[in-house]
Amino acid sequence: MLYLFYFILGLVVGSFLYECIDRLPKRQPIVLSHACGHCHARLQFWDLVPLLGYLKSHGRCRHCGILVAPPRQPIVELLTGLMFILCLNTFGFSEYFFKSLVFTCFMIVITFIDYEWHLIFNNVLVWLAGCGIVINLYIGKIGLPEMFFAGLLGGGIFLLIAIISKGGFGGGDVKFMAALGIWLGLKYTLLAFFLTSFFGGLSAAVLLALKIKGRKDNIAYGPSMALAAFCALLYGNEIIAWYASYFSR
């Protein structure tokens with residue numbers, strides 16, 4: 001029952017995250033829409049139900065037939081619900097579970113915006129870093145010195161790569177990795193860095209193989225960083241233990 005509750009909560013939160021993803025790049029205020037943007041007809045209750053509303057209307061206004069919600073909306077809602085379940089399954093009902101939920105929301109917003117717009121907004125990163133500091137201080141596992149050095153380490157590595165590669169990473173990627181360091185601490189920041197390299201190469205290969213991107217196209221690195229950080233936060237100990245046992249044979 002608890003899993004069902006947090007899955008539904010994830011759908012609801014995902015509906016809000018979709019509005020953030022849709023409106024932040026357009027510099028629009030983040031408000032939940034209750035009317036069709038074309039004919040201004042008021043949406044009915046079922047149209048506003050996360051996931052089910054989209055499936056029932058196929059994302060179109062029942063009055064004018066205009067597409068009011070792209071397929072990205074149910075994807076964001078469903079992904080949020082599933083990731084909430086993963087967090088609950090990993091941490092149980094604990095303070096780390098709450099930390100992982102907040103972290104997940106930021107990762108989803110940054111992933112979708114960076115993939116489509118190739119932008120990681122400073123105001124989002126400031127909130128990400130600020131929430132990380134407050135939550136870590138509350139839990140007490142990662143202190144301010146470690147957060148500082150982990151942020152410096154993560155951002156410093158990416159900054160060095162950006163300088164050497166002359167543009168391999170953007171400024172948003174550097175600041176994003178620094179903010180991730182605040183959340184993850186030293187050990188998991190290093191793990192997230194190595195996982196980012198793996199996921200980045202894998203995603204580039206898939207996008208090129210499916211001809212979604214060409215060889216000369218820019219490929220957003222933020223989604224790979226977000227996935228790597230999510231895996232490090234939830235499964236860091238298991239990944240490190242597997243790595244140690246594999247290479248100690």
Side-chain angles (χ1 to χ4, degrees), residues 21 24-25 103-104 106-133 136 142-244 246-248:
I21 293 166
L24 281 175
F103 187 75
T104 294
F106 277 108
M107 294 304 100
I108 290 175
V109 170
I110 291 173
T111 292
F112 279 86
I113 292 179
D114 192 39
Y115 177 79
E116 183 174 352
W117 296 87
H118 293 266
L119 292 171
I120 302 179
F121 293 107
N122 288 331
N123 55 351
V124 175
L125 293 178
V126 168
W127 277 99
L128 173 64
C131 289
I133 293 172
N136 280 336
I142 303 175
L144 275 175
E146 183 175 356
M147 282 189 273
F148 173 77
F149 286 111
L152 191 63
L153 175 66
I157 292 175
F158 267 49
L159 179 60
L160 181 62
I161 295 175
I163 294 173
I164 295 174
S165 63
K166 297 181 180 180
F169 294 114
D173 296 325
V174 175
K175 289 178 280 189
F176 183 26
M177 196 65 198
L180 291 177
I182 292 173
W183 276 82
L184 299 175
L186 288 168
K187 180 172 66 174
Y188 288 169
T189 297
L190 285 173
L191 176 60
F193 169 73
F194 289 112
L195 289 177
T196 294
S197 302
F198 171 74
F199 289 135
L202 181 62
S203 63
V206 171
L207 291 172
L208 291 173
L210 297 177
K211 297 182 178 180
I212 298 174
K213 295 285 186 178
R215 293 186 178 275
K216 295 183 179 180
D217 293 334
N218 291 327
I219 297 177
Y221 225 67
S224 299
M225 296 168 64
L227 178 58
F230 181 78
C231 291
L233 183 69
L234 266 68
Y235 309 113
N237 288 334
E238 290 82 356
I239 295 173
I240 293 173
W242 172 85
Y243 181 86
Y246 182 83
F247 285 95
S248 62

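Atom set for the values below is all heavy atoms of this structure, side chains included, hydrogens, waters and symmetry mates excluded.
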Q: Show your reasoning for whether side-chain contact (heavy atoms from CB on, under 4.5 Å) applies to Thr104 and Leu233.
A: CA-CA 10 Å; Thr104 294; Leu233 183 69; over 6 Å; no
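- Taking both residues in full, the closest heavy atoms of Phe158 and Phe193 are given as CE1-CD1, 3.4 Å, listed atom of the first, atom of the second, then distance.
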Report all side-chain donor-acceptor pairs from residues 174-185 shorter than 3.5 Å, counting only partners two or more places apart or in another chain.
{"residue": "Lys175", "atom": "NZ", "partner": "Asn122", "partner atom": "OD1", "Å": "2.7"}
{"residue": "Trp183", "atom": "NE1", "partner": "Leu128", "partner atom": "O", "Å": "2.6"}

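- Here the CZ-CZ distance, from Phe230 to Phe199, works out to 11.0 Å after rounding to the nearest 0.5 Å.
- Looking only at distances, a side-chain donor or acceptor of Asn136 sits under 3.5 Å from a matching main-chain atom of Gly132.
- Here CD1 of Ile239 is found 9.0 Å from OH of Tyr188. Values are rounded to the nearest 0.5 Å.
- When side chains are defined from C-beta on, Leu125 counts as touching Ile110, because their heavy atoms get closer than 4.5 Å.
- In this structure, the side chains of Phe121 and Asp114 stay at 4.5 Å or more apart for every pair of heavy atoms.
- Residue Tyr115 comes nearest to Pro223 through the heavy atom pair CB-CG, 4.1 Å, listed as atom of the first residue, atom of the second, then distance.
- Between Ser203 and Tyr221, every side-chain heavy-atom pair lies at or beyond the 4.5 Å cut-off.
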Residues 143-155 side chain polar contacts: donor-acceptor under 3.5 Å, at least two apart:
{"residue": "Glu146", "atom": "OE2", "partner": "Leu186", "partner atom": "N", "Å": "3.1"}

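- How far OG1 of Thr189 is from CD1 of Ile157: 8.5 Å, rounded to the nearest 0.5 Å.
- Scanning all heavy atoms of the two residues, the minimum distance from Ala228 to Thr196 falls at CB-OG1, 3.3 Å.
- Here the rule is side-chain contact (heavy atoms from CB on, under 4.5 Å) with Val124, and of Ile113, Leu119, Leu24 only Leu24 fits it.
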